[in-house]
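The structure is given below, and queries will be raised subsequently.
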Amino acid sequence: MAVIRKVFIQIAMIIAAYILHTSIFPQLSFNGIIPNVLLLLTVFSSFQQGLNTGMVTGFCCGLLCDIFYGSVLGVYGMFYLLIGFFAGSMAHFFYKDELLFPVVIIAVSDLFYNLVMYVTNFLPRGRFDFQDYFQGVILPELVYTLVLAILCLPFIALLNRRARRINIREKESNVGNAERFVEKDT
């Protein structure tokens with residue numbers, strides 16, 4: 001039951017992040033720049049829930065981007081999957097409740113994402129002015145995404161602590177149920 005609930009919660013979070021990314025934050029854009037909410041969800045999921053959950057979340061977020069505004073199916077999915085892998089791999093080295101490390105991972109991931117977007121979307125069209133792209137797109141999006149991450153981080157940490165407490169209670173009740181089941185058999 002806990003696994004099914006976790007899957008449904010993750011699906012709801014992906015859909016909510018996509019709706020925020022495509023409908024709410026474009027209204028709050030600065031010079032056409034919006035924070036990458038899907039990247040935030042991918043990194044937070046990887047860091048808090050593990051490598052596999054982060055990779056699946058990243059792939060699903062990227063697939064939504066591919067379906068609705070990508071030119072080739074799977075490109076965004078692959079980038080977000082790699083970001084989920086990177087964040088999940090780095091999460092093994094730090095505590096889950098640490099607040100600075102996810103912000104650093106988000107910064108590195110957003111930088112990687114935008115550099116790949118520059119190479120795949122702008123270089124083939126003959127746009128070689130990297131400095132303008134960096135100052136006009138990469139840096140503002142990075143700052144906006146980091147500000148949003150810093151604002152959301154305490155809330156996400158609180159939700160994850162609550163989820164861990166619920167999981168511990170469920171495990172304890174399952175152990176108690178198993179002991180009662182064994183006592184009935186004897």
Side-chain angles (χ1 to χ4, degrees), residues 6-7 9-22 24-25 28-30 33-66 70 74-122 130 133-165 167:
K6 183 179 174 181
V7 168
I9 290 171
Q10 203 66 26
I11 289 170
M13 287 178 24
I14 290 169
I15 292 169
Y18 184 75
I19 290 170
L20 286 171
H21 187 75
T22 57
I24 305 289
F25 280 107
L28 303 172
S29 69
F30 295 115
I33 303 297
I34 63 171
N36 196 335
V37 180
L38 298 172
L39 183 128
L40 287 176
L41 177 64
T42 300
V43 171
F44 286 143
S45 294
S46 296
F47 191 72
Q48 295 291 335
Q49 299 173 13
L51 179 71
N52 293 334
T53 302
M55 288 174 58
V56 170
T57 301
F59 183 72
C60 292
C61 289
L63 203 56
L64 282 172
C65 292
D66 282 328
V75 174
Y76 285 101
M78 179 68 135
F79 293 146
Y80 280 96
L81 182 130
L82 290 173
I83 289 169
F85 176 76
F86 171 68
S89 297
M90 294 292 111
H92 293 293
F93 301 110
F94 297 92
Y95 295 112
K96 300 274 187 224
D97 292 329
E98 188 172 336
L99 299 180
L100 178 64
F101 184 69
V103 173
V104 172
I105 294 297
I106 288 167
V108 170
S109 299
D110 197 8
L111 190 61
F112 168 73
Y113 173 80
N114 281 307
L115 289 174
V116 169
M117 289 298 117
Y118 174 75
V119 169
T120 58
N121 292 338
F122 291 94
F130 180 73
Y133 184 78
F134 184 79
Q135 291 175 342
V137 176
I138 294 176
L139 196 56
E141 182 182 316
L142 178 68
V143 170
Y144 200 2
T145 303
L146 287 176
V147 168
L148 182 63
I150 290 169
L151 293 175
C152 291
L153 204 56
F155 177 69
I156 290 170
L158 176 71
L159 288 176
N160 282 314
R161 279 194 300 270
R162 186 163 188 264
R164 273 188 263 151
R165 272 189 258 132
N167 286 339

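Because the structure is a prediction, the values reported are computed rather than measured.
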Report yes or no: do Y80 and D66 form a side-chain donor-acceptor pair below 3.5 Å?
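There is no such pair (donor and acceptor under 3.5 Å, judged by atom type) between the side chains of Y80 and D66.
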Ring centres of Y118 and F134 under 6.0 Å apart?
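No; F134 has its ring centre 6.0 Å or more from that of Y118.
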To the nearest 0.5 angstrom, please state how far the OH atom of Y18 sits from the CG atom of L41.
14.0 Å
Quick check for you: to the nearest 0.5 Å, what is the distance between F112 atom CZ and L39 atom CG?
10.5 Å
Which value, rounded to the nearest 0.5 Å, describes the distance between L64 atom CG and I15 atom CD1?
7.5 Å
Considering all heavy atoms, the nearest N121-Y76 contact:
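Where N121 meets Y76 most closely, the heavy atoms are ND2-OH, 4.1 Å.
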Measure the CD1-CD1 distance between I9 and I14 for me, rounded to the nearest 0.5 Å.
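Going from the CD1 atom of I9 to the CD1 atom of I14 covers 12.5 Å.
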Can you find a pair of side-chain heavy atoms, one from L142 and one from N114, that are under 4.5 Å apart?
no
For residues G54 and T42, report the shortest heavy-atom separation together with the two atoms involved.
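Closest approach of G54 to T42, heavy atoms only: O-CG2, 3.8 Å.
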Any side-chain heavy atom of F86 within less than 4.5 Å of one from I105?
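Contact flag for F86/I105 side chains = yes.
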Flag if over 12 foreign heavy atoms under 6.0 Å of CE, M13:
yes
Please walk me through it: do Y133 and M117 pass side-chain contact (heavy atoms from CB on, under 4.5 Å)?
CA-CA 11 Å; Y133 184 78; M117 289 298 117; 4.0 Å; yes
Got a sec, which pairs hit side-chain hydrogen bond (donor to acceptor under 3.5 Å, both in side chains) with one end in residues 145-155, sequence neighbours left out?
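Residue pairs with at least one partner in residues 145-155: D110-T145.
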Mind checking whether F44 and Q49 have side chains closer than 4.5 Å, heavy atoms only?
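F44 vs Q49: side chains apart.
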In Å, rounded to the nearest 0.5 Å, how long is the span from CD1 of I106 to CG of L111?
13.5 Å
Would you say CZ of F85 has more than 12 non-hydrogen atoms from neighbouring residues, nucleotides or ligands within 6.0 angstrom?
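No, CZ of F85 has 12 or fewer neighbouring heavy atoms, counting only those of other groups under 6.0 Å.
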Rounded distance (nearest 0.5 Å) linking atom CZ of F25 with atom CD1 of I34
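Spacing of CZ (F25) from CD1 (I34) equals 8.5 Å.
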Closest approach of L38 and C61, non-hydrogen atoms and distance?
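Closest heavy-atom pair between L38 and C61: CD2-SG, 3.8 Å.
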Are F30 and Y144 an aromatic pair by the rule of ring centers under 6.0 Å?
yes
Once the angle between the rings of Y113 and F79 is folded into 0 to 90°, is it parallel (under 30°), tilted (30 to 60°) or perpendicular (over 60°)?
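Correct class here is perpendicular.
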Do you know which two heavy atoms are closest between S109 and V43, and how far apart they sit?
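Answer, listing the atom of S109 first, then V43: OG-CG2, 3.9 Å.
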Classify the side-chain pair Q10/S45 by whether it contains a donor and acceptor separated by less than 3.5 Å.
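Checked: Q10/S45 side chains pair up, N/O donor to acceptor below 3.5 Å.
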Heavy-atom pair with the smallest gap, counting every atom of S46 and G84
OG-O, 2.9 Å
Can you name the nearest heavy-atom pair linking E141 to N36, along with the distance?
OE2-CB, 3.6 Å
